[in-house]
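Reading through the C-alpha cells given below for one structure.
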Amino acid sequence: MPAALDLLRFAHANPGVTRAEAAARLGLSSGSATEVMGRLRAARLLGEVAAPSAGRGRPTTVLVAHPEGPLVAVVELTHATWRVATAAVGGALDPAPVRRHGGDPATVLGEIADAVRALRAEHAERVVGVAVCVPATVRGTTVVQAATLNWRDVDLCGLGCGLPLTVGNDAALAGVAEARRGAARGHAVALHLTVEVGVGGVVLIDGAPAPGAAEFGHVPFGDPALACPCGASGCWDVTVDGRAMARALGRPAPADPRAFAGEVLAAARAAPPAPPCTGRPARSAGASGRCSTRWTRPW
C-alpha cells in the first residue's frame with residue numbers, strides 16, 4: 001500500500017506524468033507499476049490515457065484522475081464574487097459560474113452552502129471535502145477579519161455541509177499552489193505577493209507557508225493620510241491597487257477596485273505607444289553635489 005500512496009501523491013503533484021516517468025522516479029519496476037496502477041484504478045483513484053507517441057519504443061500512458069474518482073468542492077470567495085467548483089486528483093478545476101454578492105455574511109454563506117449541497121446532490125459520495133479560500137485573516141474555520149468584505153469573526157463551518165472543511169487565506173493558498181506547481185517550485189524559500197484589492201502574500205519555506213499571519217497589505221508603507229477599511233491609516237493596501245489608480249486619475253473611488261484596475265490596464269494595453277523623449281536633458285546638482293540628469297517630455 002505505501003507504493004500505491006506514493007504513486008497517487010506523485011500523480012497529484014505532477015499532472016500529465018507518464019506511468020514510465022512515475023515508475024522511474026519512485027524506483028518501481030514496470031511490473032510493480034502495472035500492479036500498483038491496477039489497484040488504484042480499481043479503487044477509482046487514478047486512470048490512464050494513452051500518452052502521445054514519442055517515436056519508437058513501448059507505448060506508455062499518462063496518469064490522470066479517475067473519471068469516477070473523489071472530488072473536493074472548492075469555494076473561492078472574493079470581495080465582490082463567489083464561485084464553487086470541483087477539483088479532482090491533479091488539481092484541475094471544472095468550470096463554474098462566478099456570482100456576485102452584496103457582502104452580507106448570512107446571505108453570502110447561505111448561497112454558497114446551497115451550491116455545495118447542489119454539488120453533493122450531483123456527484124453524491126464522490127465529494128469528499130470542502131476547501132475555502134477567502135481574502136481574510138483566518139483562524140481555523142473563522143474569518144477573524146476581512147477588511148475588503150467588512151467581516152469580523154464570521155464562522156464558515158456551515159459551508160462544510162457535513163464534510164471535512166479547510167479554510168485558508170487566498171494569497172497564502174495561491175502561494176502554496178505556486179510552490180507545488182508554479183514559479184516557486186523547487187525553491188527552498190520564496191515570497192509570493194498578490195495585488196488585487198490590496199496586497200496579499202505569504203513566505204514559503206520548502207513549499208509550506210511560514211508560521212504566523214503575513215498581512216503585507218497592512219504594514220504602514222502607504223500614505224499616512226489615507227484610511228484603510230481595516231481601521232488603520234497608511235496601509236500599503238490602499239496605495240497599489242485600483243483605488244490608488246482611481247485617485248491618480250482623479251476619479252471617484254471604484255465600487256470594485258479589482259475590476260476597475262483591469263479596465264485601466266486593458267485601456268493602457270490598447271493605447272498607442274507614447275512618443276519618444278525629444279526634450280533636452282535638464283541638468284541640476286543632486287544631493288551629492290554631482291550633476292544629475294532629469295529627462296523631460298515636450299508635453
Side-chain angles (χ1 to χ4, degrees), residues 1-75 84-96 116 119-120 122-133 160 162-168 172-190 192 202 204-211:
M1 197 62 184
L5 183 58
D6 288 343
L7 184 57
L8 180 61
R9 285 174 171 165
F10 191 81
H12 179 64
N14 299 274
V17 69
T18 66
R19 189 208 291 185
E21 291 169 339
R25 289 287 300 274
L26 296 174
L28 298 174
S29 67
S30 176
S32 295
T34 300
E35 188 272 331
V36 169
M37 212 22 245
R39 283 189 280 147
L40 291 173
R41 190 185 305 107
R44 298 181 180 179
L45 293 173
L46 281 182
E48 293 178 277
V49 297
S53 176
R56 296 181 178 181
R58 179 177 294 181
T60 187
T61 57
V62 173
L63 306 185
V64 297
H66 194 284
E68 299 176 8
L71 301 171
V72 172
V74 180
V75 178
V84 180
T86 57
V89 172
L93 291 173
D94 282 343
V116 173
L119 280 183
R120 293 192 69 185
E122 178 182 357
H123 299 289
E125 72 281 355
R126 289 184 62 195
V127 182
V128 297
V130 180
V132 182
C133 66
L163 295 171
L165 173 67
T166 298
V167 180
L173 293 177
V176 171
E178 289 293 337
R180 298 284 175 86
R181 297 195 178 96
R185 184 171 184 170
H187 294 280
V189 180
H192 177 79
V202 63
L204 299 146
I205 301 175
D206 293 329

| By side chain to side chain donor-acceptor pair (under 3.5 Å), which residues pair with E48, not counting sequence neighbours? | R19, R41, T61
| remark: Heavy-atom closest pair (A174 atom, H192 atom, distance to 0.1 Å) is CB-NE2, 3.7 Å
| Between V84 and A96, what is the shortest heavy-atom contact and its length? | O-CB, 3.3 Å
| message | Working to the nearest 0.5 angstrom, can you tell me the gap between R39 CZ and T34 OG1? | response | 12.0 Å
| query | What pair of heavy atoms forms the shortest contact from L93 to A87, and how long is it? | reply | CD2-CB, 3.7 Å
| field | CD-OG1 distance between E122 and T86, expressed to the nearest 0.5 angstrom | value | 7.5 Å
| remark: Between the CZ atom in R126 and the CZ atom in R120, the distance rounded to the nearest 0.5 Å is 14.0 Å
| field | Non-neighbouring partners of E68 that pass side chain to side chain donor-acceptor pair (under 3.5 Å), sequence neighbours left out | value | R44
| H187 NE2 to L204 CG distance, which is reported to the nearest 0.5 Å | 11.5 Å
Compile the donor-acceptor pairs under 3.5 Å between side chains in residues 7-16 and protein atoms, sequence neighbours left out, one pair per line.
| unit_1 | atom_1 | unit_2 | atom_2 | d |
| --- | --- | --- | --- | --- |
| H12 | ND1 | G90 | N | 2.8 |
| N14 | OD1 | R185 | NH2 | 2.6 |
| N14 | ND2 | F10 | O | 2.9 |

| request: Measure the shortest side-chain to side-chain distance between V176 and P209 over non-hydrogen atoms and say whether it is less than 4.5 angstrom. | output: yes
| said: Are V89 and L46 packed together at the side-chain level, in the sense that at least one heavy-atom pair is separated by less than 4.5 angstrom? | reply: yes
| message | Quick check: do H66 and L40 have side-chain heavy atoms less than 4.5 Å from each other? | response | no
